[in-house]
Amino acid sequence: MIENHHKDYYNLVEVSIHKKKRVSPFNLNITCPKDAARFFSHMLAKKDREVLGVIGLDIKNKITYFEIAHIGTLSQNLIHPREIFKAAILTNSHAIIIAHNHPSGHVDPSLADRNATKQMTQAGELIGVTLIDHLIVTNDKYYSSKENKESYIGGGSNV
């Protein structure tokens, strides 16, 4: 018989984010899908595979953070609400906008893109962080779920 002479130990973890300062291009308001598309196009459009980015917004639509939430393959980007909303919660963001690039140059959303948007909208509703838009960007074009009046997007935001 083996006896356990050790007390139980528990790992305690403290997670925190420290805002150093606001730097351009983050010190701007997002007032419409075109503003968000310009920002994301600059950050994502030239990538050689699908990359999903997220910006958090405060109540006045100022960007609270930007992150690359996932790097996919040439034609696929698998996302999960846990990764999408983690920074939004930690930064006390009111809302988020997600975007990914299409290296093919086509901005039409796939069925997987639409399903992911629905899933992220529902997840955001559960935790109280609104998904304002899901954009697809290329070098010179973009697709906005909000502008295309997809019924599951936006939560009444004026952006």
- Item | Rounded distance [0.5 Å steps], SG in Cys32 versus CD in Glu147 |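 The distance works out to 7.5 Å.
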
To the nearest 0.5 Å, tell me how far Phe40 CZ sits from Leu52 CG.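 So the CZ of Phe40 and the CG of Leu52 are separated by 8.0 Å.
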
### side-chain contact (heavy atoms from CB on, under 4.5 Å) assessment of Leu90 paired with Lys86
CA-CA 6 Å; Leu90 292 172; Lys86 184 188 306 182; 4.1 Å; yes

| request: Without swapping roles, check the side chain of Asp58 against the backbone of Lys60 for a donor-acceptor pair under 3.5 Å. | output: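 Yes; judged by distance alone, with no hydrogens or angles, the pair exists.
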
**Report entry** Polar side-chain atom of His106 near backbone of Asp108 as donor-acceptor pair, under 3.5 Å
**Finding:** no

**Heavy-atom neighbours of Lys141 NZ exceed 12 at 6.0 Å** =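 Yes.
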
Checking side-chain polar atoms at under 3.5 Å, does [X] have a donor or acceptor matched by the opposite partner on [Y]?
{"X": "Asn148", "Y": "Ser145", "value": "no"}
{"X": "Ser144", "Y": "Asp133", "value": "yes"}
{"X": "Asp113", "Y": "His102", "value": "yes"}

The remaining residues in the hydrophobic cluster of Val107, counting side-chain heavy-atom contacts under 4.5 Å among Ile, Leu, Val, Met, Phe, Trp and Tyr, are Ile136, Tyr143

**Q.** Criterion side-chain contact (heavy atoms from CB on, under 4.5 Å) on Asn101 and Thr138, from CA distance to verdict
**A.** CA-CA 6 Å; Asn101 65 323; Thr138 65; over 6 Å; no

- Query: Where do Asp35 and Asn61 land on the side-chain contact (heavy atoms from CB on, under 4.5 Å) test, with the steps shown first?
  - Reply: CA-CA 11 Å; Asp35 291 343; Asn61 295 326; over 6 Å; no

Shortest non-hydrogen contact from [X] to [Y]?
{"X": "Leu135", "Y": "Ala37", "value": "CD1-N, 3.7 Å"}
{"X": "Val137", "Y": "Tyr142", "value": "CG1-CB, 4.1 Å"}
{"X": "Glu67", "Y": "Ala87", "value": "OE2-CB, 3.6 Å"}
{"X": "Leu44", "Y": "Gly53", "value": "CD1-N, 3.9 Å"}
{"X": "Ala45", "Y": "Asn139", "value": "CB-OD1, 3.4 Å"}

**Study point:** Verdict with reasoning, His94 to Val129, per side-chain contact (heavy atoms from CB on, under 4.5 Å)
**Key:** CA-CA 6 Å; His94 171 73; Val129 178; over 6 Å; no

Taking the six-membered ring for Trp, are His134 and His100 parallel (under 30°), tilted (30 to 60°) or perpendicular (over 60°)?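 Rings of His134 and His100: tilted, as their planes differ by 30° to 60°.
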
- Task: Determine, using ring centers only, whether Phe66 and Phe39 are less than 6.0 Å apart.
- Result: yes

Which of Ile79, Ile68, Ile96, Leu131 passes side-chain contact (heavy atoms from CB on, under 4.5 Å) with Val54? It is Ile96

side-chain contact (heavy atoms from CB on, under 4.5 Å) filter on Ala95, not counting sequence neighbours, yields Thr130, Ile132

Handout entry: Listed partners of Ala123 passing side-chain contact (heavy atoms from CB on, under 4.5 Å), at least two apart
Key =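 With neighbours one apart ignored, the set is Pro81, Phe85.
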
